Amino acid sequence: MVTRALDVILLGPPGAGKGTQAKRIAAAFELLHISTGDLLREEVAKGTGLGIQAKDTMNRGELVPDELVGQMLAKRLHSQQAALGCVYDGYPRTTAQAVLLDGLLAELNRRVDVVLFLAVADSELLARLTGRRSCPSCGAVFHVVSQAPKASGACDLCGTALVQRDDDRESVVSERLRVYREHTAPLLDFYRGRRILREVAGEVGPDEVFQRMRDAMGSVKA
Ligand code: AP5
């Protein structure tokens, strides 16, 4: 039996839990997880030309130019691992990016199937972001209160010392929220107009959020 590819966007403000849930959805539905934030941080860590261009912009909480992010996306979308579909985490963030994604998917005879919007209040977002700690080696994500590592400051999976992202400082978080409202929130109406937007209340634990997302996807699963 030939199954159709499934393309799912996770939309939501910084800290809403997109990365946490994208990993779970990718595993459950065998989709490629495309996180443009993770891809950019890899470029920064490697010191590539793209990383050098992106670093200061990211540390200010602003958006990296659409063309640069679009090139990274196109490369992943055309890879063999994307054949069964993708879960997009942190992309699109502007209407121009949404239009580019539509075009790339159309070339593959695919379309965005569903957009899951994770709704979380600003006060909770601030607590989640300032308490987040990440593993620079394997990418695992923790929270000092709600998902504390077993050994303080060390990754449960590989033992590497955890770090705080430069853009998780309080002053940068407020700029990221402003940028989200100005450039990304308009995408809610963009996808609502197509009747593919599903809102998921995100202020419960990660397991419950995941169940809500699965329920919201129920009618679109291939
Ligand atoms: P990016 O890395 O995409 O950051 P973001 O969208 O701001 O999202 P975050 O990664 O901060 O949060 P998240 O929603 O994934 O939450 P998480 O699951 O980690 O982008 C970073 C930067 O890169 C941008 O500012 C921009 O400069 C650039 N960039 C990236 N994509 C771009 C694009 N397309 N165009 C232009 N520029 C781009 O969870 C957060 C914390 O909360 C964790 O500690 C987690 O453990 C905890 N948590 C998660 N779920 C729950 C829950 N249900 N209950 C309690 N705690 C929870």
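First listed ligand is number 1; within each ligand, the first listed atom is number 1. Small disclaimer: the values here were computed from a predicted structure and weren't measured.
Distances from atom 56 (N) of ligand 1 to the heavy atoms of Gly15, Ser146, Ala127 put Ser146 nearest. Relative to atom 7 (O) of ligand 1, the option among Arg176, His183, Glu203, Glu175 with the closest non-hydrogen atom is Arg176. Looking at Asp56, Leu40, Asp38 and measuring to atom 29 (N) of ligand 1, the nearest heavy atom belongs to Leu40. Selection from Gln97, Arg132, Met58 by nearest heavy atom to atom 9 (P) of ligand 1 gives Arg132.
The N/O atoms of Gly17, backbone and side chain alike, include one that comes under 3.5 Å of an N/O atom in ligand 1. For ligand 1, the polar-atom distance check against Gly131 finds no nitrogen or oxygen pair separated by under 3.5 Å. Not a single N or O atom of Val141, backbone or side chain, sits closer than 3.5 Å to an N or O atom of ligand 1. Where the criterion is an N or O separation shorter than 3.5 Å, residue side chain and backbone included, Phe142 meets it with respect to ligand 1.
The single protein non-hydrogen atom nearest to atom 26 (C) of ligand 1 is Glu62 O, 3.4 Å, given as residue, atom name and distance. Scanning all protein heavy atoms for the shortest distance to atom 57 (C) of ligand 1 gives Gln147 NE2, 3.4 Å.
Residue contact check: Arg41 has heavy atoms under 4.0 Å from atoms 2 (O), 21 (C) of ligand 1.
Side-chain polar atoms of Asp207 and Gln211 form no donor-acceptor pair below 3.5 angstrom. Judged purely by distance below 3.5 Å, without hydrogens or angles, the side chains of Thr48 and Glu43 pair a donor atom with an acceptor atom.
At most 12 heavy atoms of other shown residues, nucleotides or ligands fall within 6.0 angstrom of atom CZ in Arg195.
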